[in-house]
Novice: 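What follows is a structure written as C-alpha coordinates; I'll ask about it next.
This is a predicted model, so every value here is computed, not measured.
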Amino acid sequence: MHPASHDLEALLSGVAAGIAPSELGELFTAAEDPFVVSLAGGMPALGGLPWERLADLARDLLLRSGPSVLQYGGARGRGDLRAGVADVVAEQGLAVDPDDVLVTAGSQQALDLVARALLDPGDTVLVEAPTYVGALGVLAAQRARIEHVALDDDGLRPDALEEALRRAARAGRIPKLLYTVPHHQNPAGVTLALERRHAVLDLAGRYGVLVLEDDPYALLGFSGPPLPSLRSLAPDLVVHTGSLSKTLAPGFRLGWVLAPEWLRSRLELLAEATVLCPSGLTQAVAAEYLATTDWRNQVERYRDQYRERRDSVLGTLDVELPEATWTRPGGGFYVWLTLPDGLDATTLAPAALAAGVAYVPGSAFFADGGGRDQLRLAYCFPPPDRLVEGIRRLGTAVRAARR
(Lines give C-alpha, C1' and ligand atoms only; values in the text may rest on other atoms or scores of the structure.)
Protein backbone atom coordinates (compact mmCIF):
# COMPACT_ATOMS: atom_id res chain seq x y z
CA MET A 1 0.00 0.00 0.00
CA HIS A 2 1.23 3.47 -0.86
CA PRO A 3 -0.64 6.10 1.17
CA ALA A 4 -1.32 9.30 -0.78
CA SER A 5 0.66 12.29 0.40
CA HIS A 6 -1.72 14.74 -1.27
CA ASP A 7 -5.40 15.52 -1.02
CA LEU A 8 -6.47 13.67 -4.16
CA GLU A 9 -10.05 14.87 -3.78
CA ALA A 10 -8.71 18.25 -4.87
CA LEU A 11 -8.35 16.72 -8.35
CA LEU A 12 -12.12 16.83 -8.82
CA SER A 13 -13.29 19.17 -11.56
CA GLY A 14 -15.25 22.23 -10.59
CA VAL A 15 -18.40 20.61 -11.99
CA ALA A 16 -18.01 17.38 -9.99
CA ALA A 17 -16.99 19.18 -6.81
CA GLY A 18 -19.99 21.47 -7.09
CA ILE A 19 -22.61 18.72 -7.38
CA ALA A 20 -24.72 18.94 -4.24
CA PRO A 21 -26.27 15.85 -2.61
CA SER A 22 -29.91 15.53 -3.56
CA GLU A 23 -32.37 16.36 -0.81
CA LEU A 24 -34.62 13.76 -2.44
CA GLY A 25 -32.29 10.78 -2.02
CA GLU A 26 -33.45 9.81 1.46
CA LEU A 27 -37.07 10.34 0.46
CA PHE A 28 -36.82 7.99 -2.52
CA THR A 29 -35.03 5.37 -0.43
CA ALA A 30 -37.72 5.49 2.23
CA ALA A 31 -40.41 5.34 -0.44
CA GLU A 32 -39.24 1.84 -1.39
CA ASP A 33 -41.02 0.62 1.75
CA PRO A 34 -44.03 -1.41 0.48
CA PHE A 35 -46.25 0.34 3.04
CA VAL A 36 -45.57 3.68 1.39
CA VAL A 37 -47.64 4.86 -1.57
CA SER A 38 -45.02 6.54 -3.73
CA LEU A 39 -46.33 9.45 -5.76
CA ALA A 40 -42.74 10.61 -6.19
CA GLY A 41 -41.19 8.77 -9.13
CA GLY A 42 -42.45 9.20 -12.70
CA MET A 43 -42.19 5.50 -13.56
CA PRO A 44 -44.41 4.17 -16.35
CA ALA A 45 -46.80 1.34 -15.50
CA LEU A 46 -45.50 -1.47 -17.71
CA GLY A 47 -47.84 -4.32 -16.77
CA GLY A 48 -49.77 -4.07 -20.04
CA LEU A 49 -46.78 -4.48 -22.35
CA PRO A 50 -46.87 -7.45 -24.77
CA TRP A 51 -44.18 -9.31 -22.86
CA GLU A 52 -44.26 -12.51 -24.89
CA ARG A 53 -43.98 -10.52 -28.10
CA LEU A 54 -40.96 -8.60 -26.81
CA ALA A 55 -39.33 -11.82 -25.60
CA ASP A 56 -39.89 -13.47 -28.98
CA LEU A 57 -38.46 -10.47 -30.80
CA ALA A 58 -35.31 -10.48 -28.68
CA ARG A 59 -34.86 -14.25 -29.03
CA ASP A 60 -35.40 -14.23 -32.80
CA LEU A 61 -33.04 -11.30 -33.30
CA LEU A 62 -30.28 -12.96 -31.30
CA LEU A 63 -30.66 -16.27 -33.13
CA ARG A 64 -30.94 -14.63 -36.54
CA SER A 65 -28.61 -11.65 -36.26
CA GLY A 66 -26.70 -12.00 -33.00
CA PRO A 67 -23.25 -11.13 -34.37
CA SER A 68 -24.55 -7.91 -35.90
CA VAL A 69 -26.91 -6.67 -33.17
CA LEU A 70 -24.23 -7.26 -30.53
CA GLN A 71 -21.51 -5.51 -32.51
CA TYR A 72 -20.47 -1.85 -32.49
CA GLY A 73 -22.59 0.43 -34.64
CA GLY A 74 -22.72 3.99 -35.85
CA ALA A 75 -23.10 6.89 -33.44
CA ARG A 76 -26.24 8.08 -35.26
CA GLY A 77 -28.09 4.84 -34.52
CA ARG A 78 -29.49 1.99 -36.60
CA GLY A 79 -31.27 2.94 -39.78
CA ASP A 80 -34.31 0.76 -39.05
CA LEU A 81 -34.81 2.39 -35.66
CA ARG A 82 -34.39 5.88 -37.12
CA ALA A 83 -37.12 4.95 -39.63
CA GLY A 84 -39.31 3.81 -36.74
CA VAL A 85 -38.72 7.08 -34.90
CA ALA A 86 -39.73 8.97 -38.03
CA ASP A 87 -43.08 7.11 -37.92
CA VAL A 88 -43.52 7.94 -34.23
CA VAL A 89 -42.87 11.67 -34.57
CA ALA A 90 -45.15 11.81 -37.61
CA GLU A 91 -47.96 11.49 -35.04
CA GLN A 92 -46.86 14.94 -33.80
CA GLY A 93 -46.98 16.53 -37.23
CA LEU A 94 -43.25 16.10 -37.86
CA ALA A 95 -42.27 15.00 -41.37
CA VAL A 96 -38.78 13.66 -40.75
CA ASP A 97 -36.28 11.84 -42.92
CA PRO A 98 -34.67 8.99 -40.95
CA ASP A 99 -31.28 10.51 -41.75
CA ASP A 100 -32.32 13.53 -39.66
CA VAL A 101 -32.69 11.40 -36.51
CA LEU A 102 -29.89 11.01 -33.97
CA VAL A 103 -30.59 8.11 -31.57
CA THR A 104 -29.63 8.71 -27.93
CA ALA A 105 -29.69 6.88 -24.60
CA GLY A 106 -33.08 8.30 -23.70
CA SER A 107 -33.98 11.95 -24.11
CA GLN A 108 -31.85 12.69 -21.04
CA GLN A 109 -28.69 12.10 -23.07
CA ALA A 110 -30.16 14.21 -25.85
CA LEU A 111 -30.57 17.12 -23.41
CA ASP A 112 -26.99 16.67 -22.22
CA LEU A 113 -25.61 16.63 -25.77
CA VAL A 114 -27.46 19.81 -26.71
CA ALA A 115 -26.32 21.59 -23.56
CA ARG A 116 -22.70 20.58 -24.09
CA ALA A 117 -22.80 21.61 -27.74
CA LEU A 118 -24.23 25.07 -27.10
CA LEU A 119 -23.47 26.31 -23.60
CA ASP A 120 -20.40 27.87 -22.10
CA PRO A 121 -20.22 28.71 -18.38
CA GLY A 122 -22.33 31.77 -17.66
CA ASP A 123 -24.57 31.48 -20.73
CA THR A 124 -28.22 32.22 -19.98
CA VAL A 125 -30.96 29.62 -20.44
CA LEU A 126 -34.65 30.33 -19.94
CA VAL A 127 -36.75 27.53 -18.43
CA GLU A 128 -40.32 27.22 -17.27
CA ALA A 129 -41.26 27.78 -13.64
CA PRO A 130 -41.38 24.96 -12.56
CA THR A 131 -39.32 22.77 -14.91
CA TYR A 132 -38.02 19.22 -15.27
CA VAL A 133 -35.47 18.46 -12.56
CA GLY A 134 -33.31 16.44 -14.95
CA ALA A 135 -32.93 19.45 -17.24
CA LEU A 136 -31.88 21.59 -14.28
CA GLY A 137 -29.12 19.08 -13.53
CA VAL A 138 -27.86 19.12 -17.11
CA LEU A 139 -27.85 22.92 -17.26
CA ALA A 140 -26.17 23.24 -13.87
CA ALA A 141 -23.43 20.86 -15.01
CA GLN A 142 -22.67 23.30 -17.83
CA ARG A 143 -22.67 26.15 -15.30
CA ALA A 144 -25.41 27.91 -17.19
CA ARG A 145 -27.25 30.90 -15.77
CA ILE A 146 -30.80 29.56 -15.33
CA GLU A 147 -33.73 31.98 -15.34
CA HIS A 148 -37.32 30.91 -14.82
CA VAL A 149 -40.31 32.07 -16.87
CA ALA A 150 -43.80 31.79 -15.42
CA LEU A 151 -46.40 29.37 -16.75
CA ASP A 152 -50.10 28.85 -16.05
CA ASP A 153 -52.78 26.36 -17.04
CA ASP A 154 -52.11 27.09 -20.74
CA GLY A 155 -48.36 26.59 -20.46
CA LEU A 156 -45.52 29.05 -20.81
CA ARG A 157 -46.77 32.65 -20.67
CA PRO A 158 -45.67 34.67 -23.72
CA ASP A 159 -45.92 37.94 -21.76
CA ALA A 160 -43.55 36.60 -19.10
CA LEU A 161 -41.21 35.29 -21.81
CA GLU A 162 -41.14 38.66 -23.55
CA GLU A 163 -40.35 40.43 -20.29
CA ALA A 164 -37.52 37.96 -19.58
CA LEU A 165 -36.09 38.52 -23.05
CA ARG A 166 -36.30 42.30 -22.73
CA ARG A 167 -34.65 42.17 -19.32
CA ALA A 168 -31.85 40.00 -20.71
CA ALA A 169 -31.38 42.32 -23.69
CA ARG A 170 -31.06 45.35 -21.40
CA ALA A 171 -28.39 43.46 -19.45
CA GLY A 172 -26.57 42.53 -22.66
CA ARG A 173 -26.98 38.77 -22.26
CA ILE A 174 -29.51 37.36 -24.73
CA PRO A 175 -30.26 33.74 -23.76
CA LYS A 176 -28.91 30.98 -25.99
CA LEU A 177 -31.72 28.56 -25.19
CA LEU A 178 -35.35 28.41 -24.16
CA TYR A 179 -36.09 24.99 -22.66
CA THR A 180 -39.74 23.89 -22.67
CA VAL A 181 -41.83 20.74 -22.21
CA PRO A 182 -44.86 21.69 -24.33
CA HIS A 183 -47.15 18.67 -23.79
CA HIS A 184 -48.34 17.61 -20.31
CA GLN A 185 -45.36 19.28 -18.74
CA ASN A 186 -43.16 17.67 -16.12
CA PRO A 187 -43.86 18.62 -13.34
CA ALA A 188 -46.91 20.86 -13.79
CA GLY A 189 -48.94 18.67 -16.17
CA VAL A 190 -49.98 21.65 -18.34
CA THR A 191 -49.89 21.89 -22.15
CA LEU A 192 -48.76 24.88 -24.18
CA ALA A 193 -51.81 26.22 -26.02
CA LEU A 194 -51.67 26.44 -29.83
CA GLU A 195 -51.80 30.24 -30.02
CA ARG A 196 -49.04 30.44 -27.43
CA ARG A 197 -46.87 28.12 -29.48
CA HIS A 198 -46.89 30.63 -32.31
CA ALA A 199 -46.27 33.53 -29.91
CA VAL A 200 -43.33 31.76 -28.22
CA LEU A 201 -41.73 30.96 -31.57
CA ASP A 202 -42.21 34.52 -32.78
CA LEU A 203 -40.42 35.86 -29.71
CA ALA A 204 -37.61 33.32 -30.02
CA GLY A 205 -37.12 34.26 -33.66
CA ARG A 206 -37.07 38.00 -32.94
CA TYR A 207 -34.47 37.65 -30.21
CA GLY A 208 -32.38 34.92 -31.86
CA VAL A 209 -32.97 32.28 -29.18
CA LEU A 210 -32.90 28.55 -29.98
CA VAL A 211 -35.84 26.58 -28.56
CA LEU A 212 -35.18 23.19 -26.96
CA GLU A 213 -38.45 21.26 -27.14
CA ASP A 214 -38.44 18.26 -24.78
CA ASP A 215 -41.54 16.29 -25.74
CA PRO A 216 -41.70 12.76 -24.26
CA TYR A 217 -45.39 12.96 -23.27
CA ALA A 218 -46.90 14.22 -26.54
CA LEU A 219 -48.63 10.95 -27.44
CA LEU A 220 -50.08 10.48 -23.95
CA GLY A 221 -52.90 13.01 -24.19
CA PHE A 222 -56.31 11.93 -22.90
CA SER A 223 -58.53 13.74 -25.42
CA GLY A 224 -57.48 13.78 -29.04
CA PRO A 225 -54.20 13.96 -30.93
CA PRO A 226 -51.28 16.14 -29.79
CA LEU A 227 -50.95 19.74 -30.83
CA PRO A 228 -48.38 20.46 -33.55
CA SER A 229 -44.82 20.08 -32.38
CA LEU A 230 -42.91 23.33 -32.05
CA ARG A 231 -40.34 21.92 -34.44
CA SER A 232 -43.04 21.27 -37.04
CA LEU A 233 -43.90 24.99 -36.85
CA ALA A 234 -40.32 26.33 -36.95
CA PRO A 235 -37.77 23.62 -37.86
CA ASP A 236 -34.85 26.03 -38.18
CA LEU A 237 -35.47 27.45 -34.72
CA VAL A 238 -36.31 24.34 -32.67
CA VAL A 239 -34.32 21.37 -31.40
CA HIS A 240 -36.70 18.52 -30.59
CA THR A 241 -36.02 15.65 -28.20
CA GLY A 242 -38.21 12.60 -27.62
CA SER A 243 -38.12 9.17 -26.05
CA LEU A 244 -39.54 5.66 -26.11
CA SER A 245 -39.40 5.59 -22.31
CA LYS A 246 -43.02 6.65 -21.85
CA THR A 247 -44.61 4.90 -24.85
CA LEU A 248 -42.62 1.65 -24.81
CA ALA A 249 -40.40 1.22 -21.74
CA PRO A 250 -37.62 3.22 -20.06
CA GLY A 251 -35.34 0.21 -19.75
CA PHE A 252 -34.63 0.31 -23.48
CA ARG A 253 -32.86 3.66 -22.86
CA LEU A 254 -33.75 4.96 -26.32
CA GLY A 255 -34.50 8.53 -27.26
CA TRP A 256 -33.69 10.89 -30.09
CA VAL A 257 -32.89 14.41 -31.05
CA LEU A 258 -33.92 16.32 -34.18
CA ALA A 259 -31.82 19.41 -34.85
CA PRO A 260 -30.76 21.69 -37.67
CA GLU A 261 -27.88 20.17 -39.64
CA TRP A 262 -25.30 22.65 -38.31
CA LEU A 263 -26.03 21.38 -34.81
CA ARG A 264 -26.85 17.74 -35.50
CA SER A 265 -23.38 17.03 -36.92
CA ARG A 266 -21.80 18.34 -33.70
CA LEU A 267 -24.21 16.37 -31.55
CA GLU A 268 -23.28 13.18 -33.39
CA LEU A 269 -19.59 13.81 -32.73
CA LEU A 270 -20.29 14.46 -29.05
CA ALA A 271 -22.38 11.29 -28.84
CA GLU A 272 -19.59 9.25 -30.40
CA ALA A 273 -17.10 10.68 -27.92
CA THR A 274 -19.43 9.84 -25.02
CA VAL A 275 -20.73 6.31 -25.75
CA LEU A 276 -19.32 5.38 -29.19
CA CYS A 277 -22.78 4.11 -30.18
CA PRO A 278 -26.17 3.25 -28.64
CA SER A 279 -26.92 -0.35 -27.67
CA GLY A 280 -27.34 -2.38 -30.84
CA LEU A 281 -29.57 -5.01 -29.20
CA THR A 282 -32.10 -2.63 -27.66
CA GLN A 283 -32.18 -0.62 -30.88
CA ALA A 284 -32.86 -3.75 -32.92
CA VAL A 285 -35.64 -4.97 -30.61
CA ALA A 286 -37.29 -1.56 -30.53
CA ALA A 287 -37.02 -1.18 -34.31
CA GLU A 288 -38.61 -4.59 -34.87
CA TYR A 289 -41.34 -3.77 -32.34
CA LEU A 290 -42.20 -0.50 -34.09
CA ALA A 291 -42.18 -2.16 -37.52
CA THR A 292 -44.20 -5.29 -36.72
CA THR A 293 -46.42 -4.47 -33.74
CA ASP A 294 -49.50 -2.25 -33.46
CA TRP A 295 -47.66 0.20 -31.19
CA ARG A 296 -50.32 2.87 -31.69
CA ASN A 297 -52.86 0.58 -30.04
CA GLN A 298 -50.40 -0.03 -27.21
CA VAL A 299 -50.07 3.74 -26.71
CA GLU A 300 -53.87 3.99 -26.66
CA ARG A 301 -53.98 1.41 -23.86
CA TYR A 302 -51.40 3.45 -21.97
CA ARG A 303 -53.57 6.53 -22.39
CA ASP A 304 -56.63 4.74 -21.00
CA GLN A 305 -54.60 3.46 -18.08
CA TYR A 306 -53.15 6.86 -17.17
CA ARG A 307 -56.49 8.62 -17.65
CA GLU A 308 -58.05 6.31 -15.06
CA ARG A 309 -55.19 6.99 -12.66
CA ARG A 310 -55.41 10.74 -13.14
CA ASP A 311 -59.16 10.67 -12.50
CA SER A 312 -58.60 8.72 -9.27
CA VAL A 313 -56.17 11.38 -8.03
CA LEU A 314 -58.25 14.39 -9.04
CA GLY A 315 -61.46 12.97 -7.58
CA THR A 316 -59.79 12.15 -4.27
CA LEU A 317 -58.08 15.55 -4.07
CA ASP A 318 -61.49 17.21 -4.37
CA VAL A 319 -62.58 15.33 -1.23
CA GLU A 320 -59.39 15.23 0.83
CA LEU A 321 -57.71 18.59 0.10
CA PRO A 322 -60.37 21.12 -0.90
CA GLU A 323 -58.26 23.96 0.56
CA ALA A 324 -55.36 23.22 -1.83
CA THR A 325 -55.18 24.03 -5.55
CA TRP A 326 -53.80 21.86 -8.31
CA THR A 327 -53.51 21.49 -12.06
CA ARG A 328 -55.84 19.23 -14.03
CA PRO A 329 -53.58 17.62 -16.63
CA GLY A 330 -54.95 16.61 -20.01
CA GLY A 331 -52.36 13.84 -20.30
CA GLY A 332 -48.98 12.65 -19.09
CA PHE A 333 -48.00 11.63 -15.58
CA TYR A 334 -48.24 14.55 -13.14
CA VAL A 335 -50.40 16.81 -11.00
CA TRP A 336 -48.86 19.99 -9.55
CA LEU A 337 -50.33 20.90 -6.17
CA THR A 338 -50.09 24.12 -4.17
CA LEU A 339 -50.49 23.58 -0.43
CA PRO A 340 -52.89 25.68 1.67
CA ASP A 341 -51.75 28.33 4.16
CA GLY A 342 -48.25 28.54 2.69
CA LEU A 343 -47.24 25.16 4.10
CA ASP A 344 -43.69 24.14 3.18
CA ALA A 345 -43.67 20.95 1.07
CA THR A 346 -40.10 20.06 2.05
CA THR A 347 -40.88 20.42 5.76
CA LEU A 348 -44.09 18.44 5.32
CA ALA A 349 -42.42 15.55 3.42
CA PRO A 350 -41.18 13.58 6.50
CA ALA A 351 -44.61 13.74 8.12
CA ALA A 352 -46.25 12.64 4.88
CA LEU A 353 -43.78 9.78 4.62
CA ALA A 354 -44.57 8.75 8.19
CA ALA A 355 -48.25 8.73 7.17
CA GLY A 356 -47.32 6.45 4.28
CA VAL A 357 -47.14 8.66 1.19
CA ALA A 358 -44.18 10.12 -0.75
CA TYR A 359 -44.08 13.02 -3.20
CA VAL A 360 -41.44 15.36 -4.64
CA PRO A 361 -41.29 18.82 -3.01
CA GLY A 362 -41.68 21.68 -5.47
CA SER A 363 -38.32 23.25 -4.73
CA ALA A 364 -36.66 20.39 -6.68
CA PHE A 365 -38.07 21.91 -9.87
CA PHE A 366 -36.67 25.41 -9.40
CA ALA A 367 -33.08 26.57 -9.77
CA ASP A 368 -33.70 29.49 -7.43
CA GLY A 369 -35.28 27.69 -4.46
CA GLY A 370 -38.84 28.56 -5.43
CA GLY A 371 -41.88 26.33 -5.14
CA ARG A 372 -41.62 25.82 -1.40
CA ASP A 373 -45.39 25.55 -0.98
CA GLN A 374 -45.82 23.24 -3.97
CA LEU A 375 -45.28 19.58 -4.78
CA ARG A 376 -45.49 17.10 -7.63
CA LEU A 377 -47.76 14.07 -7.52
CA ALA A 378 -46.96 11.30 -10.03
CA TYR A 379 -50.02 9.16 -10.74
CA CYS A 380 -48.44 6.99 -13.45
CA PHE A 381 -47.28 3.93 -11.51
CA PRO A 382 -49.56 2.97 -8.56
CA PRO A 383 -52.91 1.36 -9.39
CA PRO A 384 -56.03 3.49 -8.79
CA ASP A 385 -56.85 2.06 -5.36
CA ARG A 386 -53.34 2.82 -4.10
CA LEU A 387 -53.54 6.32 -5.55
CA VAL A 388 -56.76 6.95 -3.64
CA GLU A 389 -55.12 5.71 -0.44
CA GLY A 390 -52.03 7.83 -1.07
CA ILE A 391 -54.06 11.03 -1.47
CA ARG A 392 -56.01 10.21 1.67
CA ARG A 393 -52.75 9.87 3.57
CA LEU A 394 -51.51 13.15 2.11
CA GLY A 395 -54.71 14.84 3.25
CA THR A 396 -54.17 13.48 6.76
CA ALA A 397 -50.61 14.87 6.84
CA VAL A 398 -51.69 18.29 5.57
CA ARG A 399 -54.55 18.58 8.06
CA ALA A 400 -52.20 17.68 10.92
CA ALA A 401 -49.69 20.32 9.77
CA ARG A 402 -52.39 23.03 9.70
CA ARG A 403 -53.47 22.49 13.28
Side-chain angles (χ1 to χ4, degrees), residues 54 57-58 60-61 64-65 68-114 117 182-183 210-219 225-226 228-250 252-299:
L54 288 171
L57 287 176
D60 291 346
L61 280 166
R64 184 177 73 244
S65 308
S68 62
V69 299
L70 295 179
Q71 191 52 271
Y72 289 115
R76 187 177 295 186
R78 290 175 58 102
D80 52 359
L81 179 59
R82 288 187 278 112
V85 169
D87 286 340
V88 171
V89 299
E91 301 291 313
Q92 299 169 244
L94 280 163
V96 173
D97 188 290
D99 284 342
D100 296 334
V101 178
L102 174 63
V103 176
T104 59
S107 57
Q108 186 68 23
Q109 188 200 17
L111 299 180
D112 180 68
L113 292 174
V114 173
H183 283 101
L210 198 64
V211 178
L212 178 50
E213 173 187 43
D214 189 14
D215 214 8
Y217 305 97
L219 299 186
S229 160
L230 295 174
R231 182 167 171 81
S232 74
L233 301 174
D236 294 332
L237 193 63
V238 178
V239 178
H240 172 99
T241 67
S243 174
L244 291 179
S245 293
K246 310 304 187 294
T247 53
L248 179 53
F252 279 89
R253 302 312 306 132
L254 290 173
W256 57 86
V257 59
L258 308 173
E261 171 55 31
W262 62 266
L263 178 59
R264 186 174 69 247
S265 59
R266 273 75 169 185
L267 297 176
E268 186 173 344
L269 291 172
L270 284 170
E272 184 176 337
T274 304
V275 296
L276 292 182
C277 62
S279 163
L281 178 59
T282 57
Q283 285 187 86
V285 174
E288 193 79 2
Y289 173 83
L290 292 173
T292 64
T293 304
D294 186 0
W295 61 265
R296 292 174 180 83
N297 186 56
Q298 175 62 39
V299 171

Novice: Identify, with sequence neighbours excluded, every residue that meets side-chain contact (heavy atoms from CB on, under 4.5 Å) alongside A58.
Specialist: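 With sequence neighbours excluded, A58 shows a side-chain contact (heavy atoms from CB on, under 4.5 Å) to V285, given in chain and number order.
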Novice: Please round to the nearest 0.5 Å and tell me the distance separating atom OG1 of T104 and atom CG of L267.
Specialist: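 With rounding to 0.5 Å, OG1 (T104) is 10.0 Å from CG (L267).
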Novice: Listed by chain and number, what are the side-chain hydrogen bond (donor to acceptor under 3.5 Å, both in side chains) partners of S279, not counting sequence neighbours?
Specialist: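 If we apply the side-chain hydrogen bond (donor to acceptor under 3.5 Å, both in side chains) test to S279, skipping adjacent residues, the hits are T282.
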Novice: Tell me, please, which residues at least two apart from A105 pass side-chain contact (heavy atoms from CB on, under 4.5 Å).
Specialist: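 A105 satisfies side-chain contact (heavy atoms from CB on, under 4.5 Å) with Q109 only.
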Novice: Any side-chain heavy atom of R264 sitting closer than 4.5 Å to one from V257?
Specialist: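 No, too far: nothing below the 4.5 Å cut-off.
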Novice: For the CG atom of L258 and the CG atom of L263, what is their distance to the nearest 0.5 Å?
Specialist: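 Nearest 0.5 Å value for the CG-CG distance: 11.0 Å.
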Novice: If a pair satisfies salt bridge (Lys or Arg N to Asp or Glu O under 4.0 Å) and one of its residues is in residues 274-291, list it, with sequence neighbours excluded.
Specialist: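 Pairs touching residues 274-291 that pass the test: none.
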Novice: Kindly indicate, with the supporting measurements, whether the criterion side chain to side chain contact (heavy atoms under 4.5 Å, CB included) is fulfilled by W295 and L244.
Specialist: CA-CA 11 Å; W295 61 265; L244 291 179; over 6 Å; no
Novice: Using every non-hydrogen atom in the two residues, find where A75 and P278 come nearest and quote the distance to one decimal.
Specialist: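 Taking A75 first and P278 second, the nearest heavy atoms are O-CD, 3.9 Å.
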Novice: Ignoring hydrogens and angles, write down the donor-acceptor pairs under 3.5 Å from the side chains of residues 93-103, residues two or more places apart or on other chains.
Specialist:
unit_1: D97; atom_1: OD1; unit_2: D99; atom_2: N; d: 2.8
unit_1: D99; atom_1: OD1; unit_2: R82; atom_2: NH1; d: 3.3

Novice: Within this structure, what is the OG-CH2 distance for the pair S243 and W256, rounded to the nearest 0.5 Å?
Specialist: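 So the gap between those two atoms works out to 6.5 Å.
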Novice: Would a 4.5 Å heavy-atom cut-off, applied to side chains only, mark L290 and L81 as touching?
Specialist: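 With C-beta onward as the side chain, the pair touches.
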Novice: Can you tell me how far CG of D112 sits from OG1 of T241, rounded to the nearest 0.5 angstrom?
Specialist: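 Result: 12.0 Å between the selected atoms.
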Novice: Taking side-chain hydrogen bond (donor to acceptor under 3.5 Å, both in side chains) as the definition, give me every residue that meets it alongside H183, ordered by chain and number, with sequence neighbours left out.
Specialist: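 Once residues adjacent in sequence are excluded, the partners of H183 under the side-chain hydrogen bond (donor to acceptor under 3.5 Å, both in side chains) criterion are R197, D215.
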Novice: Please examine the side chains of V88 and T247, heavy atoms only from C-beta on, and report whether any two atoms are closer than 4.5 Å.
Specialist: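 The answer is no, as the side chains (C-beta and beyond) never meet within the 4.5 Å cut-off.
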Novice: Less than 3.5 Å apart, which donor and acceptor atoms pair up between the side chains of residues 230-238 and the rest of the protein, not counting sequence neighbours?
Specialist:
unit_1: R231; atom_1: NH1; unit_2: P235; atom_2: O; d: 2.8
unit_1: R231; atom_1: NH1; unit_2: V238; atom_2: O; d: 2.6
unit_1: S232; atom_1: OG; unit_2: S229; atom_2: N; d: 3.4
unit_1: S232; atom_1: OG; unit_2: S229; atom_2: O; d: 2.6

Novice: What residues form a side-chain hydrogen bond (donor to acceptor under 3.5 Å, both in side chains) with E91, not counting sequence neighbours?
Specialist: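 R296.
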Novice: Sorted by first residue and then second, give each salt bridge (Lys or Arg N to Asp or Glu O under 4.0 Å) pair with at least one member in residues 265-274; sequence neighbours left out.
Specialist: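 Residue pairs with at least one partner in residues 265-274: R76-E268.
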Novice: Taking only residues two or more places apart in sequence or in another chain, which ones pass salt bridge (charged side-chain N to carboxylate O under 4.0 Å, His left out) with D214?
Specialist: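 None.
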Novice: Do T292 and L57 have side chains that get closer than 4.5 Å, going by heavy atoms?
Specialist: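 A side-chain contact exists here, since the closest heavy-atom pair is under 4.5 Å.
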Novice: Sequence neighbours left out, what passes salt bridge (charged side-chain N to carboxylate O under 4.0 Å, His left out) with D87? Give chain and number order.
Specialist: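 Residues passing salt bridge (charged side-chain N to carboxylate O under 4.0 Å, His left out) with D87: none at all.
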Novice: What residues form a side-chain contact (heavy atoms from CB on, under 4.5 Å) with S65, not counting sequence neighbours?
Specialist: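 side-chain contact (heavy atoms from CB on, under 4.5 Å) check on S65 returns S68, V69.
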